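Written out below as structure tokens is the structure these notes cover.
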2 protein chains.
Amino acid sequence: MIIVGEKINTSRKSIADAVKERDAEFIGEVAQEQAEAGAHYIDVNAGTFLEQEIDSLCWLVEVVQNEVDLPLCLDSPNPKALSEAIKHHKGEAMINSISLEKDRFQALLPVITGQPCCVVALCMAEASMPNTVEERVQVGSNLINKLTEQGFPLEKIYVDPLVQPISVDTRMGAAVLGAIQSIMNDFPGVNTICGLSNISFGLPMRSLINRNFLSLCMKAGLSAAILDPTDKQLMATLLSTDMLLGRDEYCENFIEAYQSGRISML
Amino acid sequence: MIIVGEKINTSRKSIADAVKERDAEFIGEVAQEQAEAGAHYIDVNAGTFLEQEIDSLCWLVEVVQNEVDLPLCLDSPNPKALSEAIKHHKGEAMINSISLEKDRFQALLPVITGQPCCVVALCMAEASMPNTVEERVQVGSNLINKLTEQGFPLEKIYVDPLVQPISVDTRMGAAVLGAIQSIMNDFPGVNTICGLSNISFGLPMRSLINRNFLSLCMKAGLSAAILDPTDKQLMATLLSTDMLLGRDEYCENFIEAYQSGRISML
């Protein structure tokens, strides 16, 4: 299971303040704690900064990679910001994200085919959010085909089925699970990724619902998730699910995480 | 999801004491609290009493059905105890359990075909526990075929794939999940059931692992579980999984359980 640490996002006030003040120490600490908790990629997102987004994102790339020896997930809806940020990145970044929206696809294609990288491909066409399994699978398949036709490697594509709240439509959980299962089945070698927290919007006990949804997504075949790896309860769910699915030889990772205090029940 | 309340089992000391003293009030309370927590069946098991098992089981049936208006799950490896206990039962009992062991099958068959009831069918042949998905599916299919050939209704069979500890063999989780999926797929209308706690034997954070396993089993198609319905964290997992799988219209059951305090995160 590939973990993308989500905490460096200017939609969080402490991060926005640190970016504004160019507080490299604080950002470095947030990167470090996620790396120690088991992140494989560190997400950086300065989307709330609008005109200052590009400068801020480039600064974040430098600061985070000075601190931790991990690739980053460069997170922006703006192809220009992504194409600038990747110039500052060492190694193979994850680009988050491309979609089937025409302008976005065209603008980002040369960036991602110009250098080795992974890409998050959102199941979204022309700004309409998908509802059913079929809509997700159709847009996802379309994106996979278009990217691989351009020579982009299948195994570097991370399809994001886009999670929507079950409080708005109770079919939204099953729609994501079905889409993950179908895409992983139809394109062996491709990856799937999602954020979790949208699923529980508007409901009580959100962190419980999010954890539980992660587990169900993993059973459906999800290969990566954007989450907070310092959340010990969430990580307990992730590692116990891996173990229950037979992916943790001798239950070693689970027991080691328990003994080192990286997971918890409370 | 059908819930069988597991608490009235003489392997628990408080229950053993109450049965020994014929303390109907205490047993009645344990039945009542499970009914209020959402049990559809109340399991009664006096297996530790050996020679006194039959008398004790018959007494339990009377006492519990005096207290709650629910069918019982009559739980014994001994066909004689089951055939006596069912004489005291009002309505349609769940008989737990039959297996492919020859003597057990032959002795129990007339009991379960002699009156309307459900039966738990263990994936076990001649006292050998199953290891792989295939072994479970083979024994389970065999049992389903033998029972339905005798006119026993498919939808009243609850196949139990038999949960074994992942600490002993890390493939044991996936083996149960695969067996549930396969049996539910091959015999539309049949039910599957299991107890959870064996899965986590020998590991830390057992209740977390059990909860998580329940959720994965539900995704695989499990239709019933033998569990403690007064465990508010376990029930939170059960109800949120139902909701995430799209089986809780308007998220009504989950929200109602939250508001009434029947589920909890801690």
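No experiment lies behind these values; they were computed from the predicted model shown.
- Residue A/Arg211 touches chain B through its side chain alone, counting heavy-atom pairs closer than 4.5 Å.
- Only the side chain of A/Leu177 comes within contact range of chain B, judged by heavy atoms closer than 4.5 Å.
- Here B/Ser240 is the residue among B/Ala175, B/Ala174, B/Ser240 with the most heavy-atom pairs under 4.5 Å with chain A.
- For B/Ile255, the part lying near chain A is the side chain, with the backbone staying farther off; criterion is any non-hydrogen pair under 4.5 Å.
- Here the shortest heavy-atom pairing between A/Ala220 and B/Lys219 reads CB-CE, 4.1 Å.
- Heavy-atom pairs under 4.5 Å with chain B peak, among A/Gly246, A/Pro204, A/Ser264, at A/Pro204.
- Atom CG of B/Leu245 and atom CZ of A/Arg171 lie 15.0 Å apart (nearest 0.5 Å).
- When heavy atoms are compared at a cutoff of 4.5 Å, B/Asp248 approaches chain A solely by way of its backbone atoms N, CA, C and O.
- In terms of heavy atoms, B/Cys251 sits closest to A/Ile166 at SG-O, 3.6 Å.
- Neither the backbone nor the side chain of A/Ser200 comes within contact range of chain B; no heavy atom of the residue lies under 4.5 Å from a heavy atom of that chain.
- In this structure, B/Tyr258 places its OH atom where only 12 or fewer heavy-atom neighbours from other residues, nucleotides or ligands lie under 6.0 Å away.
- The contact between B/Phe254 and chain A is made entirely by side chain atoms (from C-beta outward), counting heavy-atom distances below 4.5 Å.
- Looking only at side-chain heavy atoms (C-beta outward), B/Met265 and A/Ser207 come within less than 4.5 Å of each other.
- At a threshold of 4.5 Å between non-hydrogen side-chain atoms, the residues B/Asn212 and A/Met243 do not count as touching.
- With a 4.5 Å cut-off on non-hydrogen atoms, A/Gln181 touches chain B through its side chain but not through its backbone.
- With values rounded to the nearest 0.5 angstrom, B/Leu244 atom CG is found 9.0 Å from A/Asn210 atom CG.
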